[in-house]
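This report concerns only the one structure given below.
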Protein chains: 2
Amino acid sequence: MDAHESSFEEAPTLDQARRQIRHYGLDSDPQAVLVAVRLMAAGARLGQASEVHFSRFGLSTGRYRLLADLEDSEGEKSPSLLAASLGVSRATVTGLIDSLERDGLVLRRPSARDGRASVVVLTARGAQKLRDLAPDHFRRLQAMVAGLSVEERTVFLDLLSRVTRGIGALTER
Amino acid sequence: MDAHESSFEEAPTLDQARRQIRHYGLDSDPQAVLVAVRLMAAGARLGQASEVHFSRFGLSTGRYRLLADLEDSEGEKSPSLLAASLGVSRATVTGLIDSLERDGLVLRRPSARDGRASVVVLTARGAQKLRDLAPDHFRRLQAMVAGLSVEERTVFLDLLSRVTRGIGALTER
DNA sequence: TCCATATAGTTAGGTTCCTAATTACAAGCC
DNA sequence: GGCTTGTAATTAGGAACCTAACTATATGGA
């Protein structure tokens, strides 16, 4: 434990945003900037916490998501489709499958229809792994958002998806 | 462009969450789970977009944050304090400083008071780099959250910080 | 004063993701 | 039918983090 050694961190502050914007003589809205920066910080922290969480079960976030996605697809799916639905590159999926296959949680079969393709199949052990971690996993997810009421969660989902749609503003042009 | 080749993705769905929870015979709230999962997905996407964004200026997210933090501290700060305020490990800060120093954006000075410590100083070139990217950077951040009204952003900040406080639920015990 | 313990910074090695290039097969067009 | 172009999966190499172990200096008792 080194990087997140304290619980503090209302890390980037509205005042900091204000100061920066003024310093550069810009007319941006400090609050808007703060929203963006806080969301980035939250995302980074959550990503790290997620890795810690899944490492308890010998998985990583990516490997868990792949298993869960497979389960959701009746236990089989091609690497390409997995990459698309997980939102990662096909190269990354190759690596995830490699390690899951080593652990016996999935296996690769050549596709019957397409000589280039293969099919990733969830093994009994993979399905069991998902069953084993489900109670703890879902309990923790729920605990994480327990600070919000049902109505607040609805609002949050709406606002989050609208900010998410704006992420393209960072990369475009 | 491979991983985020489409604009789709209201990726994890309430129905998916419901199905999973039912499948494992749990009594978790699907909506709560959805909030957690969506936030993780948003964080990951935002993190990647952020790297793309800063790479336009020859920086990474981490290197930019270090520079901005330095600027906010009158241009100098120790590696340890930088690590603490950036929320990354000291080893990571060492690497960030190495590359920033190579580019002439910061420099290392031994601390006068503490023989173990050093002080990282923002160079004129580092300060110039920040000035150069500020207009585009803040414009994009603002564009990202432009889909929310001022009131909505206030609500979002509140809800986000409350969820952020719950992140510990993933790692504790 | 001396020694145990703590802290600052770095190094070594591992993880997760990425892009670009490679190999194999598929499919449309002349 | 043969050729070009497209797609599936992998490989190779890189970037950004991490933890653990190391070196050097500081500090606070006995």
Side-chain angles (χ1 to χ4, degrees), chain A residues 1-5 40-41 43-55 58-66 77-84 86-103 106 108-120 171, chain B residues 1-5 40-41 43-55 58-66 77-84 86-103 106 108-120 171:
Chain A
M1 224 147 293
D2 200 28
H4 7 53
E5 62 225 344
M40 299 215 291
R45 295 224 299 142
L46 184 50
Q48 293 175 200
S50 178
E51 293 302 340
V52 171
H53 168 54
F54 287 115
S55 71
L59 293 176
S60 67
T61 305
R63 283 196 289 276
Y64 168 77
R65 296 217 303 137
L66 195 153
K77 204 167 184 177
S78 77
S80 285
L81 289 177
L82 283 167
L86 297 176
V88 301
S89 71
R90 280 173 305 166
T92 297
V93 165
T94 295
L96 295 175
I97 297 169
D98 283 349
S99 57
L100 288 169
E101 195 167 31
R102 260 195 296 282
D103 291 347
V106 306
R108 263 183 259 242
R109 262 188 0 215
S111 165
R113 296 213 185 80
D114 188 333
R116 297 165 299 177
S118 57
V119 178
V120 183
T171 53
Chain B
M1 222 144 296
D2 202 26
H4 7 53
E5 62 225 344
M40 299 216 289
R45 294 223 302 142
L46 184 50
Q48 293 176 201
S50 177
E51 293 300 342
V52 171
H53 168 54
F54 286 115
S55 71
L59 294 176
S60 67
T61 305
R63 283 196 289 276
Y64 169 77
R65 296 217 303 136
L66 195 154
K77 204 166 183 178
S78 77
S80 283
L81 289 178
L82 283 167
L86 296 177
V88 301
S89 70
R90 282 173 305 165
T92 297
V93 165
T94 296
L96 295 176
I97 297 171
D98 283 350
S99 57
L100 289 169
E101 196 167 30
R102 260 195 297 281
D103 291 347
V106 306
R108 264 182 259 241
R109 264 188 359 216
S111 165
R113 296 210 186 81
D114 188 333
R116 297 166 298 178
S118 57
V119 179
V120 184
T171 54

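Here is how names work: the chains are called A, B, and so on, in the same order as the sequence lines, proteins then strands, and each is numbered from 1.
Between A:R90 and D:dT7, a side-chain N or O to OP1/OP2 separation shorter than 4.0 Å is absent. At the phosphate of C:dT10, OP1 or OP2 sits under 4.0 Å from a side-chain N or O atom of B:R108. Regarding contacts with the backbone of C:dG9, a side-chain N or O of B:S80 is found under 4.0 angstrom from either OP1 or OP2. OP1 or OP2 of C:dT15 has not a single side-chain nitrogen or oxygen of A:S60 nearer than 4.0 Å. Remark: B:T92 is not in phosphate contact with D:dA16, judged by side-chain N or O atoms under 4.0 Å from OP1 or OP2. Contact annotation: A:T94 side-chain N/O to D:dA9 OP1/OP2 distance is not under 4.0 Å. Phosphate proximity of D:dA8 to A:S78: absent, as no side-chain N or O sits under 4.0 Å from OP1 or OP2. Distances shorter than 4.0 Å separate none of the side-chain N or O atoms of A:Q48 from OP1 or OP2 on D:dC17.
Partners of A:D114 by salt bridge (Lys or Arg N to Asp or Glu O under 4.0 Å), not counting sequence neighbours, listed by chain and number: A:R116. Applying the salt bridge (Lys or Arg N to Asp or Glu O under 4.0 Å) test to A:D98 and every residue at least two apart in sequence or in another chain returns A:R108. Residues that satisfy the side-chain contact (heavy atoms from CB on, under 4.5 Å) test with B:R113, not counting sequence neighbours, are B:S111. Residues that satisfy the salt bridge (Lys or Arg N to Asp or Glu O under 4.0 Å) test with B:R102, not counting sequence neighbours, are absent from this structure. The side-chain contact (heavy atoms from CB on, under 4.5 Å) check on A:S78 picks up A:S80, A:L81, with sequence neighbours excluded.
The nearest whole Å value for the distance from the NE2 atom in A:H53 to the C1' atom in C:dT16 is 17 Å. Between the CZ atom of B:R113 and the P atom of D:dT25 there is a distance of 19 Å, given to the nearest Å. As a whole-Å value, the separation of B:L82 CG from C:dG9 P is 9 Å.
Residues A:E51 and A:T61 have side chains in contact (heavy-atom distance under 4.5 Å, counting atoms from C-beta outward).
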Distances under 3.5 Å between protein N/O atoms and the N/O atoms of nucleotides 3-6 of chain D, please, pair by pair.
{"residue": "D:dG6", "atom": "N2", "partner": "A:R116", "partner atom": "NH1", "Å": "2.8"}

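Looking at heavy-atom distances under 4.0 Å, A:S118 makes contact with sugar-phosphate atoms alone, never a base.
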